[in-house]
Each structure stands twice: as C-alpha cells, then as structure tokens.
Amino acid sequence: MANVSLASALNRFEREPGNLIPVLQRVQHLRGYLSQDAVHSIARHLRISENAIYGVASFYAQFRFHPPGDNHIRVCTGTACHVKGGEQILDTVKRKLNIDTGETTGDGRYDLDRVACLGCCALAPVVMLNDKTFSQMSVIKLQEILDEQEDD
C-alpha cells in the first residue's frame with residue numbers, strides 16, 4: 001500500500017459531504033480497509049457524522065471494516081451458484097475458518113466475501129481464492145483447497 005498519510009490523502013478532497021464515496025475509496029485503497037480511526041478522520045474532514053459514514057459504507061459491498069487477509073476468498077451466491085449449492089459452500093467456509101463474510105481470520109491468513117456474481121454461471125457453484133477461480137465446487141473440493149493452503 002502506498003506510503004501516504006491519511007491527512008494528505010484527505011486533503012486531496014474538498015471538505016464537502018458529496019466527496020464521501022471517493023474519499024472512502026481512496027482511504028480503502030491506501031489502507032486496505034476503513035478503520036475506526038480513518039472513519040473518525042473522514043468525518044472531521046467532511047464535517048459529517050461517523051454514523052452517516054458507516055451508513056453509506058456499509059451499504060456498498062466494496063467497503064471493508066476489517067483488515068484484509070493474506071488470502072482473499074470470494075464465494076458466489078448469485079442465482080446459478082445459489083441453485084447449485086453456493087450458500088452451502090459459503091456456510092462451509094464460514095465454519096472452517098470461524099469467520100463471517102466481511103471478516104478476516106484471527107491469524108490474518110484469510111478474509112471472506114460473499115459476491116453476487118463472478119461471471120461463471122455455467123461453472124456454478126464458483127469460489128475464487130485470490131485470483132484463481134474454482135468451478136463446480138463441492139464441500140469436499142473446498143475442503144481439499146483449504147487443506148492445500150494450510151500446507152503452504
């Protein structure tokens with residue numbers, strides 16, 4: 001991540017509430033997530049409440065409130081994946097890693113996101129681990145993939 005201070009990142013934007021989303025995007029790009037300290041600084045800079053910031057940021061799936069993990073897992077739960085067991089796959093990942101969507105494991109190895117579509121509907125259900133796509137996923141295949149990651 002860029003070695004830019006939060007203050008200098010915020011100073012690139014005028015102090016207008018209409019700049020909230022670009023500011024959130026910039027801060028997340030620099031830090032990887034929106035920390036409580038960052039939200040506080042953004043609120044002061046834009047002169048809006050922290051509650052308003054959390055309300056906007058939690059509406060959009062692109063924003064995170066936890067540091068990202070070393071490995072990013074995305075489970076598709078779009079229509080095709082849902083019909084073919086995407087929710088079951090997601091539940092398995094949650095149990096295996098002991099986290100919920102939008103969270104990161106305590107050791108920082110994994111973070112988990114539910115996504116609406118990965119664009120691989122004919123290969124459903126689909127899971128992405130970092131930049132690699134795994135198709136026609138099953139609970140057994142998922143377990144094998146996660147076990148291989150633990151061996152690395």
| query | Would L129 and L123 show up in the same hydrophobic cluster when neighbours are defined by side-chain heavy atoms closer than 4.5 Å? | reply | no
| field | Straight-line distance of L24 CG to H29 NE2, nearest 0.5 Å | value | 14.5 Å
| request: Heavy atoms only: give me the nearest A38-V27 pair and the separation to one decimal. | output: CB-CG1, 3.8 Å
| Distance (rounded to the nearest 0.5 Å) between Q36 CD and E50 CD | 8.0 Å
| Can you tell me how far NE2 of H45 sits from CG of N11, rounded to the nearest 0.5 angstrom? | 6.0 Å
| said: Using every non-hydrogen atom in the two residues, find where S58 and G55 come nearest and quote the distance to one decimal. | reply: OG-O, 3.4 Å
| field | Joint cluster assignment, I140 & L146, ILVMFWY side-chain distance < 4.5 Å | value | no
| Any residue meeting salt bridge (charged side-chain N to carboxylate O under 4.0 Å, His left out) with E87, in chain and number order, not counting sequence neighbours | R114
| Closest heavy-atom pair and its distance - R64, G32 | CD-O, 3.7 Å
| Is the backbone of M128 close enough, under 3.5 Å, to the side chain of T133 for a donor and an acceptor to pair up by distance? | no
| Trace of the side chain to side chain contact (heavy atoms under 4.5 Å, CB included) decision for E14 with N19 | CA-CA 7 Å; E14 291 185 32; N19 285 329; 3.8 Å; yes
| request: Could you tell me whether R44 atom CZ has more than 12 heavy atoms of other residues or ligands within 6.0 Å of it? | output: no
| Is there a path of hydrophobic side-chain contacts, each under 4.5 Å between heavy atoms of I, L, V, M, F, W or Y residues, that connects I48 with F63? | yes
| query | Are V126 and L112 grouped together when hydrophobic residues (ILVMFWY) are joined by side-chain heavy atoms under 4.5 angstrom apart? | reply | no
| field | D100: partners by salt bridge (charged side-chain N to carboxylate O under 4.0 Å, His left out), with sequence neighbours left out | value | K94
| Can you find a heavy atom in the side chain of R95 that is under 4.5 Å from one in the side chain of T92? | yes
| task | Check step by step if side chain to side chain contact (heavy atoms under 4.5 Å, CB included) holds for L10 and L46. | result | CA-CA 9 Å; L10 292 176; L46 296 179; over 6 Å; no
| request: Would you please test I145 and M137 for side chain to side chain contact (heavy atoms under 4.5 Å, CB included) and show each step? | output: CA-CA 10 Å; I145 292 165; M137 187 57 55; 3.5 Å; yes
| query | Are Q25 and Q62 close enough that a side-chain donor and a side-chain acceptor fall under 3.5 Å? | reply | yes
| task | Apply side chain to side chain contact (heavy atoms under 4.5 Å, CB included) to D107 and list each qualifying residue two or more places apart in sequence or on a separate chain. | result | T105, R109
| task | First locate atom CG of N71, then atom OG1 of T104, and finally report the distance between them rounded to the nearest 0.5 Å. | result | 11.0 Å
Review item, side-chain donor-acceptor pairs of residues 72-83, under 3.5 Å, at least two apart:
from	atom 1	to	atom 2	distance (Å)
H72	ND1	D111	OD1	2.2
H72	NE2	D113	OD2	3.4
R74	NH2	N130	O	2.9
T77	OG1	V115	O	3.4

| Contact summary for A9 and R26, nearest pair of heavy atoms | CB-CG, 4.4 Å
| request: Can you see which heavy atom on A57 is nearest to which on L34, and at what distance? | output: CB-CD1, 4.0 Å
| Polar side-chain atom of R31 near backbone of Y33 as donor-acceptor pair, under 3.5 Å | no
| remark: Rounded to the nearest 0.5 angstrom, the OH-CD distance for Y110 and Q149 is 4.5 Å
| Ignoring hydrogens and geometry, is there a side-chain-to-backbone donor-acceptor pair from K132 to V127 under 3.5 Å? | no
| message | If you count heavy atoms of other groups shown closer than 6.0 angstrom to CD of E103, is the number above 12? | response | yes
| query | By salt bridge (charged side-chain N to carboxylate O under 4.0 Å, His left out), which residues pair with K96, not counting sequence neighbours? | reply | D147, E150
| Separation of F134 CZ from L142 CG (nearest 0.5 Å) | 9.5 Å
| request: Sequence neighbours left out, what passes ring pair (Phe, Tyr, Trp, His ring centres under 6.0 Å) with F65? Give chain and number order. | output: Y54
